[in-house]
Amino acid sequence: MPAFPAAADASTRNTQLRANLRHATHTIRAKRATAVAELDDWSSLRAAGAAIKDRSLRHLDHYLEQLESAVTAAGGHVHWAADADEANRIVTELVQATGEREVVKVKSMATQEIGLNGALATAGITAYETDLAELIVQLGDDLPSHILVPAIHRNRGEIRDIFAEKMAQWGRPAPEWLTDAPADLAEAARLHLREKFLNAKVGISGANFMVAETGTLVVVESEGNGRMCLTLPETLISVVGIEKIVPTFQDLEVFLQLLPRSSTAERMNPYTSTWTGTTDADGPRTFHLVLLDNGRTDTLADTVGRQALRCIRCSACLNVCPVYERAGGHAYGSAYPGPIGAILTPQLRGVQSELDASLPYASSLCGACYEVCPVAIDIPEVLVHLRERVVEGGPVSVRGTRTVIKPAKGHAAERAAMRAARWALDHPRVLRTGQRLASRTRRFHPRRLPGPGRAWSDTRELPKVPEESFRDWWQRTRGESGTEGRKTT
Amino acid sequence: MARIRRALADVPRAETPDAVPVERTYHRVHGDRTPSETVDLLAEHLADYRAIVHRTDAPALPALIARLLADRGATSVALPPGLPDSWLSAVPDAVRRVPDTAELTPHDLDAVSSVVTACAVAIAETGTVVLDAAPDQGRRRITLVPDHHICVIRVPDQVVDSVPEGLERLDPARPLTWISGPSATSDIELDRVEGVHGPRTLEVILTGPPAGPETAGQS
């Protein structure tokens with residue numbers, strides 16, 4: 001994957017993509033504001049949501065042990081996966097043990113993160129995505145670009161063409177009458193997927209929440225495809241990030257208010273399913289829970305970055321982000337796009353690759369993401385913290401081991417400039433001389449930078465150097481008399 | 001687990017989970033409503049998300065159910081084992097009764113026109129009906145595969161105001177299905193379309209005690 005600036009350079013030139021994104025993000029952000037305004041205790045709910053997640057994270061070991069015994073007691077099986085490969089191997093083996101070659105899937109960020117579909121395909125198992133947007137992505141041989149609406153970058157005409165062209169390769173072909181009306185497209189998806197639901201023996205899901213106290217899992221959705229996958233198959237395998245845990249059943253009262261209003265801007269999403277282990281003759285007879293680390297403990301070890309694990313994947317931050325709106329989700333090169341992706345991905349994967357090192361910079365630090373976050377993740381704070389890590393390196397946890405990483409490549413000039421600035425600021429006389437020199441030569445300053453700085457000044461005016469430095473101005477106007485504003489010690 | 005403990009090295013050993021403060025200063029209920037206002041709000045919010053809402057009283061319930069099935073041209077109806085017999089008493093014998101049993105396959109259900117169930121609790125503020133798979137609601141799949149779901153809510157006793165009040169009445173050990181309007185998607189240009197994989201039509205009957213103030217037929 002290219003670094004964010006390169007990917008964004010291509011995507012921001014795609015006018016169709018920008019129009020689709022602008023329409024979608026503006027529509028949903030306006031609706032969200034209305035849905036949130038209905039609850040006059042939103043700030044209290046938000047604070048409680050953040051506090052419950054903080055409690056869970058600070059005592060994650062305790063709650064995960066409690067969850068494991070509750071799920072087991074309710075008839076489920078719990079597996080632990082340290083990374084993507086291990087999770088994929090566990091799921092593949094579980095599917096193979098059923099003898100099935102096909103599985104139906106509920107939209108799940110965790111399985112997207114670990115690339116489960118690809119791993120299953122390698123083992124000769126076909127995974128059918130059943131969320132309408134994920135279906136569009138899968139049929140289009142594409143990648144999701146939004147947490148909530150993965151096919152947000154596609155408009156109805158494109159979706160119609162994808163269905164007409166590709167549905168036949170995956171099962172029931174698109175009907176002859178298919179137009180680009182959303183109702184027609186939804187109907188085509190219904191017909192195409194129903195035969196899969198009715199025959200499916202294995203379902204794979206994630207979960208929005210896991211309740212430690214009771215071992216209850218929760219999936220929040222709209223279409224009913226989630227309910228189909230959670231109740232019709234004989235075997236259900238849920239891959240869930242360890243951070244999705246909440247302590248008690250009562251805690252759901254907070255999140256079931258925060259999540260729907262933040263994500264789809266509804267009072268409540270059409271369907272929420274909860275299940276606790278297995279139930280006789282109702283739903284799957286076998287339930288496996290695969291608890292996924294994959295960088296989460298490394299994130300947990302960072303006391304500033306830990307708050308990113310509060311995320312409930314509502315996607316509100318994407319819809320208000322000026323950078324996301326223009327660059328689109330693919331530029332982030334991960335299952336997690338937008339502001340939350342810019343802090344989650346480099347923490348889950350580390351900042352060693354060029355792409356991951358560029359993500360903390362994929363932001364204007366405007367703070368809109370923090371404002372809308374229902375669990376009050378201070379995304380700008382974590383972005384700045386991660387920028388420091390990229391530039392300076394330092395101690396981090398990598399795959400569970402404390403280590404010290406070197407500064408990322410490509411920031412040598414920045415580091416040199418910072419070192420020079422630090423030195424100048426530590427030497428007032430040098431600073432004054434430099435500033436005076438700059439002021440006197442201001443007529444000769446170029447409007448654009450030469451050399452490697454040229455790209456930066458392609459789109460920006462260089463700041464003008466003032467005639468007189470602030471220090472000189474202060475000295476001239478107030479410094480001599482020492483009266484106004486100058487404290488005498 | 002060892003990794004997690006290492007990652008939490010900054011958390012003092014003596015700290016218990018309860019020592020991390022969670023202030024629950026949010027409201028238990030938003031607003032102050034009489035029971036009948038709560039039922040009105042439920043009806044309004046259900047209708048907002050395209051559920052079709054009917055009001056009736058206990059004596060008129062069987063006739064209403066019969067009419068709704070007839071209006072849909074239902075030829076068969078799935079029934080949970082614990083549904084009161086009287087509810088279907090006005091439905092003609094020509095409409096095939098499909099009892100919910102473990103032998104009923106998804107394919108069998110796909111051939112069924114409608115399903116009638118009760119509910120566990122309904123939440124007014126969000127327009128939500130919760131099913132907990134009790135005998136009068138049946139297994140989760142019967143309200144999912146048929147295209148038409150009629151759900152009967154006893155008012156006012158099965159109706160609560162808020163999500164916190166709803167959760168309090170539910171047993172986490174049971175499989176729960178929260179339903180807020182029919183199946184819907186907004187995946188295509190964020191245009192909401194009802195009816196993707198679940199029932200395309202959700203009809204909710206608010207059934208009150210006979211001759212109460214809320215029994216004026218409104219359907």
Counting heavy-atom pairs closer than 4.5 Å to chain A, which one of [options] comes out on top?
options                           : value
A184(B), P106(B), G181(B)         : A184(B)
T105(B), D147(B), L131(B)         : D147(B)
V193(B), L202(B), I188(B)         : I188(B)
L109(B), D110(B), I123(B)         : D110(B)
A102(B), A51(B), A173(B), A19(B)  : A173(B)
T16(B), T128(B), D100(B), T101(B) : T16(B)

Please state whether the side chain, the backbone, both or neither of [X] comes within less than 4.5 Å of a heavy atom of chain B.
X       : answer
T303(A) : side chain
R261(A) : side chain
A47(A)  : neither
D293(A) : side chain
A82(A)  : both
L45(A)  : both
A200(A) : neither
T231(A) : both
W80(A)  : side chain

Using a strict 4.0 Å threshold on nitrogen-to-oxygen distance, state whether [X] and [Y] make a salt bridge.
X       : Y       : answer
E65(A)  : R5(B)   : yes
R154(A) : E189(B) : no
R306(A) : D10(B)  : yes
D251(A) : R24(B)  : yes
R156(A) : D191(B) : yes

Shortest non-hydrogen contact from D282(A) to P175(B)?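 Closest pair (atom of D282(A), atom of P175(B), distance): OD2-CG, 3.8 Å.
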
Taking every heavy atom of L8(B) against every heavy atom of D61(A), the minimum-distance pair comes out as CD1-OD1, 4.1 Å

Going by atom types alone, do Y26(B) and Q257(A) pair a side-chain donor with an acceptor below 3.5 Å?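 No, no side-chain donor-acceptor pair sits under 3.5 Å.
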
Worksheet item: Hey, are E223(A) and S183(B) close enough side-chain-wise for a donor-acceptor pair under 3.5 Å?
Response: no

So which residue, [options], ends up with the most heavy-atom pairs under 4.5 Å with chain B?
options                            : answer
R46(A), R190(A), Q250(A), H62(A)   : R190(A)
D302(A), I52(A), T27(A), L256(A)   : I52(A)
A301(A), G226(A), S397(A), G224(A) : A301(A)
R399(A), E195(A), H23(A), R402(A)  : R399(A)
A48(A), A281(A), S222(A)           : S222(A)
T130(A), D298(A), N155(A), I159(A) : N155(A)

What distance do [X] atom [atom1] and [Y] atom [atom2] have between them, rounded to the nearest 0.5 Å?
X       : Y       : atom1 : atom2 : value
I4(B)   : I242(A) : CD1   : CD1   : 4.0 Å
I152(A) : L190(B) : CD1   : CG    : 5.5 Å
Y271(A) : L144(B) : OH    : CG    : 7.0 Å
D187(B) : H146(A) : CG    : NE2   : 10.5 Å
L170(B) : T216(A) : CG    : OG1   : 11.0 Å
T177(B) : W275(A) : OG1   : CH2   : 11.0 Å

Heavy-atom count check: over 12 atoms from other residues, nucleotides or ligands less than 6.0 Å from [X] [atom1]?
X       : atom1 : value
R28(B)  : CZ    : yes
R285(A) : CZ    : no
D85(B)  : CG    : no

Flag the pair [X] / [Y] as yes when at least one side-chain heavy-atom distance between them is below 4.5 Å, and no otherwise.
X       : Y       : answer
R192(B) : E266(A) : yes
V196(B) : N225(A) : no
H197(B) : E221(A) : no
D40(A)  : H27(B)  : yes

**OP:** Apply side chain to side chain contact (heavy atoms under 4.5 Å, CB included) to the pair M268(A) and E125(B), showing each step before the final yes or no.
**Re:** CA-CA 9 Å; M268(A) 188 63 82; E125(B) 284 181 8; over 6 Å; no

Check: [Y] main-chain N/O paired with [X] side-chain donor or acceptor under 3.5 Å:
X       : Y       : value
Y49(B)  : R267(A) : yes
T276(A) : P172(B) : yes
R55(A)  : P17(B)  : yes
R6(B)   : T401(A) : no
R227(A) : R140(B) : yes
D41(A)  : T25(B)  : no

Practice problem: Check the pair V145(B) / L198(A) against side chain to side chain contact (heavy atoms under 4.5 Å, CB included), numbers first and verdict last. | Solution: CA-CA 9 Å; V145(B) 182; L198(A) 297 180; 4.3 Å; yes

Next item on the list: Step by step, work out the side chain to side chain contact (heavy atoms under 4.5 Å, CB included) result for E253(A) and E168(B).
Entry: CA-CA 9 Å; E253(A) 73 188 17; E168(B) 209 172 67; over 6 Å; no

For this session: Starting from the C-alpha separation in whole Å, work towards a yes-or-no answer on side chain to side chain contact (heavy atoms under 4.5 Å, CB included) for W178(B) and N269(A).
Result: CA-CA 9 Å; W178(B) 298 45; N269(A) 48 287; over 6 Å; no

Under 4.5 Å to a heavy atom of chain A? For P199(B) that would be both

Passes side chain to side chain donor-acceptor pair (under 3.5 Å), H30(B) versus E38(A)? Steps please. CA-CA 9 Å; H30(B) 297 88; E38(A) 253 187 36; over 6 Å; no

